[in-house]
Amino acid sequence: MINKHLPLLIMEETLTKHWKGFEQQVVNDLTNKSYCVIDNFLPKDERFKDIDLKSFSYAQIVNLYKSNELKQELSVIEDEETGQVTEVLGKDPFYTIYLNDKNKEEDENKQFLSSLVLCIGNYFQKILFEQILKLQWSLAESQKTNFPFYNKVALCKDFHNMLPKHFDNDGTNEFDTRKLTIVYYTTPNENRNWKGGNLRIFKPSKDLYKEDETIDIEPICNRAVLFYSDIVVHSVTPIIPINNNNNVEENKENVKEEEVTPPRTTITVWIPCYDYSLINVDKILYQRQILKHFQ
């Protein structure tokens, strides 16, 4: 039986110590490439004894789904001016929940995940401010509410689910100051009846006449991907059914299971900079990204 209070008591100390080892990689990669991949994102700590944080995270998301706490959310395209939905992309929904300060006082699943979101947000916002934006950390601290990080916990159980290419923050809303996106993958690697669901990053380039290089990042368990919300165009590739025995792609009709097993699960945290003037600072890069990908 897992002691639900143990992770909450020592998680921040454990994670801070572990993430310190990735700090320079994060700064260098974000500065030079606009994205960073970190494997073994959550550590194994002897004080947790039998508790595996990555497995615990996955279990909490599945428990929320089973208890109908996750709500259906379709991938849609909205009109930039009116906000009205102009196109629904596919018929298969994601199942999501947004965590907030109230969740810390609710059930075990939300308690743990809310605490994890806060740990991720606090640590990497400090890096963003002090080492990348070269701003005083106190500026961010002064802006914080009880639960300052926009987030999404998501579960996907349908084959061929995908997301089209997009910016997380396209700069059209002056109140949206999300600067850094962190996507954490929790699905076990073993016994998957699917492949795909990759994060496809279109490497930013000002060259209008050269197709952007793409990087496909697999949703490996305990992997986190960090990228600039306002710079990096990205998508999620379709989830394709496979034969578990030989990793051969199958037609959906030939797959015995009707659902993605185990379901693809993610925790996404967005880090704000609280200053709209810091969004899309390189206007030429932004405009050419728009021309290449969305015109």
Side-chain angles (χ1 to χ4, degrees), residues 1-22 36-70 94-99 103-104 106-124 149 151-158 161 181-199 217-226 236 239 242 244 247 257 259-269:
M1 181 70 179
I2 292 178
N3 179 348
K4 69 180 180 180
H5 299 293
L6 180 60
L8 306 182
L9 292 172
I10 64 176
M11 182 161 55
E12 185 169 9
E13 177 188 344
T14 299
L15 294 180
T16 297
K17 180 179 177 182
H18 179 66
W19 289 334
K20 191 73 176 175
F22 299 114
C36 177
V37 179
I38 301 176
D39 289 325
N40 300 312
F41 186 65
L42 296 189
K44 185 82 172 177
D45 191 292
E46 61 182 12
R47 291 173 296 176
F48 286 91
K49 296 184 179 179
D50 296 329
I51 300 175
D52 182 340
L53 282 178
K54 66 179 186 299
S55 300
F56 196 54
S57 302
Y58 171 74
Q60 306 303 73
I61 297 173
V62 171
N63 288 340
L64 286 174
Y65 172 73
K66 290 180 177 179
S67 59
N68 295 317
E69 294 281 355
L70 303 185
F94 293 87
Y95 295 83
T96 65
I97 188 172
Y98 301 88
L99 299 171
N103 299 145
K104 292 189 292 184
E106 296 180 0
D107 62 63
E108 172 186 343
N109 305 312
K110 293 179 183 177
Q111 277 185 341
F112 175 80
L113 293 172
S114 295
S115 296
L116 179 58
V117 165
L118 281 174
C119 286
I120 293 171
N122 285 327
Y123 187 85
F124 289 97
F149 303 111
N151 64 86
K152 182 188 291 186
V153 174
L155 178 147
C156 174
K157 65 181 186 65
D158 296 303
N161 201 304
T181 302
I182 302 174
V183 183
Y184 175 57
Y185 300 104
T186 68
T187 305
N189 297 323
E190 298 79 17
N191 301 315
R192 293 186 181 186
N193 69 348
W194 55 275
K195 67 178 182 179
N198 299 333
L199 177 66
I217 302 171
E218 294 183 42
I220 293 174
C221 184
N222 207 22
R223 166 177 283 177
V225 185
L226 296 76
V236 176
I239 296 176
I242 61 170
N244 268 327
N247 201 36
E257 297 91 346
E259 297 181 348
V260 169
T261 306
R264 182 183 182 277
T265 52
T266 56
I267 301 170
T268 303
V269 183

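All values below were derived from every heavy atom in this structure, side-chain atoms included, with hydrogens, water molecules and symmetry-related copies excluded. Along the sequence shown, residues carry numbers from 1.
The shortest heavy-atom contact between Ala154 and Thr96 is CB-CG2, 3.9 Å. Considering all non-hydrogen atoms of both residues, Pro188 and Pro262 come closest at O-CG, 3.9 Å. Looking at every heavy atom in both residues, Val153 comes nearest to Leu99 through CG2-CD1, 3.8 Å. A pairwise comparison of heavy atoms in Ile267 and Val117 identifies CG2-CG2, 4.1 Å as the closest pair. Closest heavy-atom contact between Cys221 and Asn189: N-OD1, 3.0 Å. Of all heavy-atom pairs spanning Pro43 and Leu15, the tightest one is CD-CD2, 3.3 Å.
Residues Phe94 and Lys152 are not in side-chain contact: their nearest non-hydrogen atoms beyond the backbone lie 4.5 Å or more apart. Here the side chains of Pro219 and Trp194 are in contact, with some heavy-atom distance below 4.5 Å. No side-chain heavy atom of His18 sits under 4.5 Å from any side-chain heavy atom of Thr14.
Residue Phe41 holds its CZ atom at 4.5 Å from CD1 of Ile120, rounded to the nearest 0.5 Å. In this structure, Glu13 CD and Cys119 SG are separated by 11.0 Å, a value rounded to the nearest 0.5 Å. Rounding to the nearest 0.5 angstrom, the gap separating the CG atom in Leu53 from the CG atom in Leu42 is 5.5 Å. Taking CD1 of Ile182 as the reference point, atom SG of Cys36 lies at 10.0 Å (rounded to 0.5 Å). A distance of 13.5 Å separates CD in Glu69 from CG in Leu155, rounded to the nearest 0.5 Å. Note that CG of Leu226 is 11.0 Å distant from CZ of Phe22, once rounded to the nearest 0.5 Å.
A distance-only check finds no donor-acceptor pair linking the side chain of Arg264 to the backbone of Lys157 [under 3.5 Å]. Panel note: side chain Thr187, backbone Pro263; a donor-acceptor pair is recorded below 3.5 Å.
A donor-acceptor pair shorter than 3.5 Å cannot be found between the side chains of Thr186 and Ser57.
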Exercise. How far apart are the C-alpha atoms of Leu116 and Met11, what are their side-chain angles, what is the distance that settles it, and do they pass the side-chain contact (heavy atoms from CB on, under 4.5 Å) test?
Worked result: CA-CA 8 Å; Leu116 179 58; Met11 182 161 55; 4.3 Å; yes
Exercise. For Ile97 and Leu64, what are the C-alpha separation, side-chain angles and deciding distance, and is it a side-chain contact (heavy atoms from CB on, under 4.5 Å)?
Worked result: CA-CA 9 Å; Ile97 188 172; Leu64 286 174; 4.3 Å; yes
For this session: Dump the intermediate steps for side-chain contact (heavy atoms from CB on, under 4.5 Å) on Asn151 and Thr268, then the final yes or no.
Result: CA-CA 5 Å; Asn151 64 86; Thr268 303; over 6 Å; no
For this session: Kindly determine whether Tyr185 and Val225 satisfy side-chain contact (heavy atoms from CB on, under 4.5 Å), including the steps that lead there.
Result: CA-CA 9 Å; Tyr185 300 104; Val225 185; 3.9 Å; yes
Exercise. So Arg223 and Glu218, salt bridge (Lys or Arg N to Asp or Glu O under 4.0 Å) or not? Walk me through it.
Worked result: CA-CA 9 Å; Arg223 166 177 283 177; Glu218 294 183 42; 6.0 Å; no
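Residues passing the side chain to side chain contact (heavy atoms under 4.5 Å, CB included) test with Asn40 are Asn222, sequence neighbours excluded. For Asn122, the side chain to side chain contact (heavy atoms under 4.5 Å, CB included) test picks out Leu118, Lys144, Phe149, with sequence neighbours left out. Evaluation of the side chain to side chain contact (heavy atoms under 4.5 Å, CB included) rule for Lys20 yields Glu23, Tyr123 as partners, not counting sequence neighbours.
Note: Tyr95 and Tyr65 have perpendicular aromatic rings, judged against thresholds of 30 and 60 degrees for the angle between ring planes. A tilted orientation is assigned to the rings of Trp19 and Phe124, their planes being inclined by 30° to 60°.
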